[in-house]
Amino acid sequence: MDERKVRVRFAPSPTGPLHIGGVRTALYNYLFAKKHQGDFILRIEDTDQTRFVSGAEEYIIESLKWLGIEPNEGVGFGDGQFAPYKQSERKNSYRQYAEQLVASGNAYYAFDTSEDLEAMRERLKASNVDAKYDSITRSTMKNSLTLSEDEVKQRLENKEQFVIRLKVPRKEEVKLYDEIRGWVNVNTSSIDDKVLFKSDGMPTYHLANVVDDYLMNISHVIRGEEWLPSAPLHVLLYRYLGWESVMPKFAHLPLLLKPEGNGKLSKRDGDRLGFPVFPIEWKDPTTNEILSGYKQNGYLPEAVINLLAFLGWNPGTAQEIFSKEELIQAFSIERVSKHGAKFDVNKAKWFNQQYVRHVDNKILAAELKNNVTEKNISVDEIYVEKVCGLVKEKISFTKELWDYSQYFFVAPTSFDESVIKKRWNEKSAIVLNDIIESFQNSIEFSHSTIENAYNEALIKNEMQSKDFLQLFRVCLSGVASGPPIFEMAELFGKENTILRLETALKNIKQ
RNA sequence: GGCCCGUUCGUCUAUCGGUUAGGACAUCAGGUUUUCAUCCUGGAAAGAGGGGUUCGAUUCCCCUACGGGCUACCA
């Protein structure tokens, strides 16, 4: 690594909600920046005004905040010395560079209408030739290379619509070093004369991205593999603009693939895959369709970061659970894999489960309390916390809290039938009554005194615990599984526990 | 079609010429947990195919196959 200060950027376009592939790109940029004490920048690439989606920009900002991978510079995170960070607000800075390329003979004005272009493509297709605007075809089109100088001047003065295209050499090897893949060679014969400056006065991605990365002193471009084919074009741009010596290093990340079948994960995959593709919930502004998010599905941001980091990267050790700080320390571009990764729902669930267990009860309680109050149940905060402490071992997602713990707040009215059917016999009621009686006579009501009372009742009635314990659980909670029974009963309290057992007795007796 | 990238257990991956090809998730079988959804132990499970290079290839090179990406005045 050279001495240049590390400055990386995440540059999404606000055409909809950010999906997890994009989130991972942001994450790798973030980790790389922090690892090298560099800057992480958020730049909004909104050069296509026709694809603007309202709310998308805010969504991107909110998502990065939720995940805790906040840029230290950029839209929504405070301007640095390179503001503005939104390309539509930088509109005026691009044309001069396009003009510079025209002046140096590396670009040209083109006046072709979309009909002209269509006709050219039809014509070439008919003769079985690759239809592209390149070193051959440009000589047959309306541009500043074929038109006289006067006519070009005239057209420009008449404010005729034009674009500026890069004059790509006919046949030239372009070498590009990718930090993940090594050297990539591309011949310019396969690249067309890309539009750099559009007729609406905005640059295309190619120009804007190169100009901004240069102006913003970007040291490394870390982006998705879908950009690899156009990277040589960008190298050409740096070269012709005279910036090749400060050209950023490139790293093209492997894509995130759909778990089943083929293709890269896309925004359109929405909810149908059984896991969210968006960090937080997104409501489509035009259709009002709601697409679910990791946040709302009960994932913890730390878990999402951890699992995403491992989709395409690994530290080379057996450790898999990494805090954000640990990821920063361990991360390196060299250990990013070259091939696409399919998202694995099971592994994602496992990651989240690991984190849920270690979350402070207070934080879980805050979420569970919402569910409880939604049901118009008023409850003590400490009680909710204790409930969380007991059930968190049993769940994978925070949104499961209520499902797994509702009997702590509402006494059961139905009882797991398969357990009743399997375990209930003529002695059950007697044992239960003995337990109730013992409880009533007890002064202290802790999990150990509960357990003692329980055991005594079993011995007295010559009953094996393994034949009765689950039945006991069902009588108390209505369901077949849950946290340690005696601790659960302690939390219910003496009166409540007795009441529940009596209710169970009444309901179950056929 | 053209160009580019890739290819190790079902999935994520380790291996930087010599390993019984390792781990994790999932799965299966046991065992704890006096019950369970936790936990522990164990099993099954992989180098796409074909050529080279080499004393020796999963590892390096070539070809084929397959997968993916790109191929717009979209990013």
Side-chain angles (χ1 to χ4, degrees), chain A residues 11-15 45-48 50-51 87 110 112-114 117 121 125 128-133 161-165 176 178 180-181 184-187 189-192 194-206 208-209 223-232 252 254-255 257 259 262-264 307 310-321 334-335 337-351 353 357 391-396 400 404 416 419 423 451 454-455 458 464-474 479-485:
Chain A
S13 57
T15 55
E45 310 228 325
D46 56 346
T47 52
D48 185 357
T50 65
R51 293 210 308 161
Q87 290 181 329
D112 315 281
T113 63
S114 49
L117 293 171
R121 288 183 186 120
K125 222 171 262 175
N128 239 333
V129 181
D130 227 11
K132 59 184 206 294
Y133 206 121
Q161 294 233 312
F162 70 92
V163 299
I164 295 176
R165 284 180 183 271
L176 157 93
D178 183 275
I180 295 168
R181 291 152 213 284
V184 177
N185 298 310
V186 178
N187 197 290
S189 61
S190 66
I191 303 174
D192 60 353
K194 282 272 178 302
V195 171
L196 301 177
F197 194 80
K198 300 187 277 188
S199 59
D200 65 357
M202 288 293 269
T204 58
Y205 169 84
H206 304 293
N209 139 272
R223 79 240 283 194
E225 194 186 352
E226 69 267 28
W227 294 110
L228 191 52
S230 54
H252 291 92
L255 266 15
L257 275 13
N262 312 313
K264 71 168 175 175
L307 74 92
F310 270 71
L311 238 33
W313 170 86
N314 79 86
T317 65
Q319 186 183 352
E320 291 200 283
I321 300 300
E334 296 75 42
R335 294 202 65 89
S337 56
K338 295 178 171 69
H339 52 269
K342 288 183 181 170
F343 190 93
D344 184 352
V345 194
N346 280 320
K347 193 74 184 256
K349 179 180 169 181
W350 177 80
F351 267 113
Q353 190 184 86
R357 279 186 206 164
V391 301
K392 73 178 176 186
E393 300 286 329
K394 302 284 179 179
I395 62 171
S396 299
E400 294 170 337
Y404 282 75
D416 188 300
V419 174
R423 300 294 184 195
E451 189 170 351
Y454 167 88
N455 282 326
L458 285 189
Q464 294 273 321
S465 185
K466 66 178 166 61
D467 296 327
F468 192 76
L469 193 63
Q470 198 170 19
L471 185 65
F472 188 53
R473 174 189 290 287
V474 169
V479 296
S481 65
I485 298 178

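Heavy-atom basis, side chains included; hydrogens, waters and symmetry copies ignored. Residue numbers begin at 1 in each chain, while the letters A, B, ... track the order of the sequences.
Across all strands shown, B/U33 forms no Watson-Crick or G-U wobble pair with both distances under 3.5 Å. Nucleotide B/U27 is matched to B/G43 when pairs are restricted to Watson-Crick or G-U wobble geometry with both distances under 3.5 angstrom. In this structure, B/C9 makes no Watson-Crick or G-U wobble pair, since no nucleotide meets both defining distances under 3.5 angstrom. B/C55 is paired with B/G18 under the criterion used here, namely a Watson-Crick or G-U wobble arrangement in which both key atom distances are under 3.5 Å. Using the Watson-Crick or G-U wobble rule with both distances under 3.5 Å, B/C3 pairs with B/G69.
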### Task
Starting at the 5' end of nucleotides 57-64 of chain B, put B wherever the base has a protein heavy atom under 4.0 Å, S where only the sugar-phosphate does, and a dash everywhere else.
--------

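Checked options A/Glu225, A/Glu226, A/Arg223, A/Lys338; the residue passing with A/His252 is A/Arg223 (criterion: side-chain hydrogen bond (donor to acceptor under 3.5 Å, both in side chains)).
Out of B/A75, B/U34, B/C36, the shortest distance to the side chain of A/Gln470 is found at B/C36. Looking at the side chain of A/Val186, the nearest of the listed nucleotides B/C3, B/A75, B/U34 is B/C3. The side chain of A/Lys394 has B/A37 as its nearest neighbour among B/C70, B/A37, B/C25. Comparing B/A75, B/G6, B/C36 by their closest approach to the side chain of A/Thr47 singles out B/A75. Here B/U35 is the nucleotide among B/G6, B/A75, B/U35 with the atom lying nearest to any side-chain atom of A/Arg473. Of the candidate nucleotides B/C73, B/C5, B/U34, B/U34 has the atom lying nearest to any side-chain atom of A/Lys466. Closest to the A/Tyr404 side chain, of the nucleotides B/C5, B/A37, B/C73, is B/A37. The side chain of A/Asp130 sits closest to B/G2 out of B/G2, B/U34, B/C36. For A/Glu45, whose side chain is taken as the heavy atoms from C-beta onward, the closest listed nucleotide among B/G1, B/A75, B/U38 is B/A75. When the nucleotides B/C73, B/G23, B/A75 are ranked by their closest atom to the side chain of A/Ala318, B/G23 comes out on top.
When the C1' atom is used for both B/C39 and B/U7, the distance is 37 Å, rounded to whole Å. Comparing the P positions of B/A48 and B/U59 gives a spacing of 8 Å, expressed to the nearest Å. B/C4 and B/A45: their C1' atoms are spaced 34 Å apart (whole Å). A gap of 25 Å separates the P atoms of B/C63 and B/C70, to the nearest Å. One C1' atom belongs to B/G30, the other to B/C66, and the distance between them is 40 Å to the nearest Å. Using atom C1' as the reference point in both B/A75 and B/U53, the two lie 44 Å apart (nearest Å). Between B/C5 and B/C9, the two P atoms lie 23 Å apart (nearest whole Å). For the P atoms, the distance from B/U19 to B/A24 is 22 Å, rounded to whole Å.
At distances below 3.5 Å, not a single donor-acceptor pair connects side-chain atoms of A/Arg423 with backbone N or O atoms of A/Phe468.
The residue among A/Trp227 and A/Gly482 whose nearest nucleotide of RNA chain B is located toward the 5' end is A/Gly482. Nearest-nucleotide positions on RNA chain B place A/Ser481 closer to the 5' end than the other of A/Ser481 and A/Asp192.
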Please write out the pairs of protein N or O atoms and N or O atoms of nucleotides 42-46 of chain B separated by less than 3.5 Å, giving the distance to one decimal.
none

N/O-N/O pairs, protein side and nucleotides 12-16 of chain B side, under 3.5 Å:
{"from": "B/C12", "atom 1": "OP1", "to": "A/Lys342", "atom 2": "N", "distance (Å)": "2.9"}
{"from": "B/C12", "atom 1": "O2'", "to": "A/Phe310", "atom 2": "O", "distance (Å)": "3.0"}
{"from": "B/U13", "atom 1": "OP1", "to": "A/Gly312", "atom 2": "N", "distance (Å)": "3.1"}
{"from": "B/U13", "atom 1": "OP1", "to": "A/Ser337", "atom 2": "OG", "distance (Å)": "3.2"}
{"from": "B/U13", "atom 1": "OP2", "to": "A/His339", "atom 2": "NE2", "distance (Å)": "3.2"}
{"from": "B/U13", "atom 1": "O3'", "to": "A/Asn314", "atom 2": "ND2", "distance (Å)": "2.9"}
{"from": "B/A14", "atom 1": "OP1", "to": "A/Asn314", "atom 2": "ND2", "distance (Å)": "3.2"}
{"from": "B/A14", "atom 1": "O3'", "to": "A/Arg335", "atom 2": "NH2", "distance (Å)": "3.4"}

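A/Phe310 and A/Phe351 have tilted rings, their planes meeting at an angle from 30° to 60° on a 0 to 90° scale.
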